[in-house]
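Please read the structure below before turning to the comments.
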Amino acid sequence: MNIARIAIALLVSTTAAFAQPTNKQAKQLLADASAKLKSYSTIYIGFDYSFVNEKAGVTQNEKGTIAIKGDDYHFNFMGIEQIRSGSKLYTILKEDEEVQITEYVEGEDQGLTPSSILNLYQDGYSYKMGLPGKDDGVKIQKVMLKPMASEEIKEIEIGIEKETKKVAYIKQTGTNGTVTTFNITNFEPNKKLPANHFKFVKSDYPGYYIAD
């Protein structure tokens with residue numbers, strides 16, 4: 001459901017002379033994109049999710065949305081709605097008509113949002129610039145993140161729009177060959193949202209079982 005818990009360390013480069021400026025450029029681009037996201041009072045993002053496992057013949061495509069305000073968020077994806085409001089986390093299971101209320105634990109939703117992916121570089125993870133490209137005609141600069149030791153993750157590719165510094169997509173390749181991609185299809189900064197959008201309103205879920 002997310003690109004979760006990524007442990008990334010030093011990337012082995014062919015020569016130090018090549019690696020140093022490339023990493024500096026990648027770090028600056030990630031810093032610029034992260035700062036851009038943090039500059040908005042609210043962000044509303046629509047995305048397409050795809051999961052492909054060619055060996056198993058499995059392809060899954062879903063759509064989702066996330067709204068972010070400071071540390072709070074409101075997430076809808078694969079029949080699950082999740083609201084972080086302060087220290088509380090509300091997980092709404094629509095199929096089961098159940099709401100689970102727990103204490104928010106820092107780090108458990110790492111990888112949930114584009115901003116948390118972008119902040120990986122701040123904790124000593126390794127990265128390098130990828131090749132430039134285009135996404136629907138828009139110029140993209142790729143940044144590659146690679147773990148030193150991970151049983152599950154081979155690499156993560158982040159596509160950032162050159163002109164706007166917005167995240168266009170995030171693609172994770174697993175060590176087993178699976179590919180998970182989030183393509184951002186709608187990006188609305190400073191969107192006016194209802195006052196209670198980042199709060200759990202019990203009356204919005206009549207008949208639901210509340211587990212706290």
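Quick note: residue numbers are just sequence positions, from 1. All values reported here derive from a predicted model rather than from experimental measurement. Scope of the values below: all heavy atoms of this structure, side chains included, with no hydrogens, waters or symmetry mates.
With sequence neighbours left out, the side-chain contact (heavy atoms from CB on, under 4.5 Å) criterion links Ala56 to Asn53, Val58.
Nearest heavy atom pair, residue His197 against residue Ala67, reads NE2-CB, 3.6 Å. Nearest approach of Ser41 to Asn190, heavy atoms of both residues: N-OD1, 2.8 Å. The shortest non-hydrogen separation linking Gln82 to Tyr73 is OE1-OH, 3.0 Å. The two atoms that bring Val201 and Asn196 nearest to each other are CG2-ND2, 3.5 Å, heavy atoms only. Pairing each heavy atom of Gly159 with each of Ile140, the nearest pair is CA-CG2, 3.6 Å.
For the atom pair NZ (Lys165) and CD (Glu163), the distance works out to 9.0 Å, reported to the nearest 0.5 Å. For the atom pair CD (Glu161) and NZ (Lys139), the distance works out to 12.5 Å, reported to the nearest 0.5 Å. Distance check: Asn61 CG to Phe51 CZ gives 11.5 Å after rounding to the nearest 0.5 Å. Here Leu145 contributes atom CG and Ile158 contributes atom CD1; the two are 4.5 Å apart, rounded to the nearest 0.5 Å. Interatomic distance, CD of Glu152 versus CG of Asn176, reported as 8.5 Å (0.5 Å rounding). Between the CD atom in Glu157 and the CG atom in Leu131 there is a gap of 9.0 Å [rounded to 0.5 Å].
Hydrophobic clustering (side-chain heavy atoms under 4.5 Å, transitive across Ile, Leu, Val, Met, Phe, Trp, Tyr) keeps Leu193 apart from Ile43. The cluster map of Ile, Leu, Val, Met, Phe, Trp and Tyr, joined by side-chain heavy atoms under 4.5 Å apart, puts Val143 and Ile156 in the same cluster. Both Met129 and Ile170 belong to a common hydrophobic cluster when Ile, Leu, Val, Met, Phe, Trp and Tyr are linked at side-chain heavy-atom distances under 4.5 angstrom. Linking ILVMFWY residues whenever their side-chain heavy atoms come closer than 4.5 Å, directly or via other members, leaves Phe200 and Phe77 in distinct clusters.
A donor-acceptor pair under 3.5 Å links the side-chain atoms of Gln141 to the main chain of Gly130, judged by distance alone. Thr42 places no side-chain N or O within donor-acceptor distance of the main-chain N or O of Lys69, the cut-off being under 3.5 Å.
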### Steps toward side chain to side chain contact (heavy atoms under 4.5 Å, CB included) verdict (Thr173, Thr178)
CA-CA 6 Å; Thr173 302; Thr178 59; over 6 Å; no

### Message
Set out, in order, the CA-CA distance, both residues' side-chain angles and the distance that settles side chain to side chain contact (heavy atoms under 4.5 Å, CB included) for Ile101 and Ile210, then state yes or no.
### Response
CA-CA 8 Å; Ile101 306 174; Ile210 310 294; 3.5 Å; yes

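Heavy atoms from other residues, nucleotides or ligands lying under 6.0 Å from CG of Asp136 number 12 at most. Atom NZ of Lys199 sits in a sparse spot, with 12 or fewer heavy atoms from other residues, nucleotides or ligands closer than 6.0 Å. Atom CG of Asp204 has more than 12 neighbouring heavy atoms from other residues, nucleotides or ligands inside a 6.0 Å radius.
Inspection of the Asp72 and Ser85 side chains reveals no N or O donor paired with an N or O acceptor under 3.5 Å.
In this structure, His74 and Phe198 have perpendicular ring planes: the angle between them is above 60°, well past the 30° mark. Ring-plane geometry between Tyr40 and Phe187 is classed as perpendicular, the angle between the planes exceeding 60 degrees on a 0 to 90 degree scale with a lower cut at 30.
Side-chain atoms of Val167 and Ile184, non-hydrogen and from C-beta on, do get closer than 4.5 Å to each other. A heavy-atom distance below 4.5 Å is not found between the side chains of Ile45 and Phe182. Between Thr175 and Ile153 there is no side-chain heavy-atom pair separated by less than 4.5 Å. Counting heavy atoms from C-beta outward, Tyr208 and Lys202 have side chains that stay 4.5 Å or more apart. The side-chain heavy atoms of Ile92 and Ile83, taken from C-beta on, include a pair separated by under 4.5 Å.
Sorted by first and then second residue, the salt bridge (Lys or Arg N to Asp or Glu O under 4.0 Å) pairs with a member in residues 87-101 read Glu81-Lys94, Lys88-Glu103; sequence neighbours excluded.
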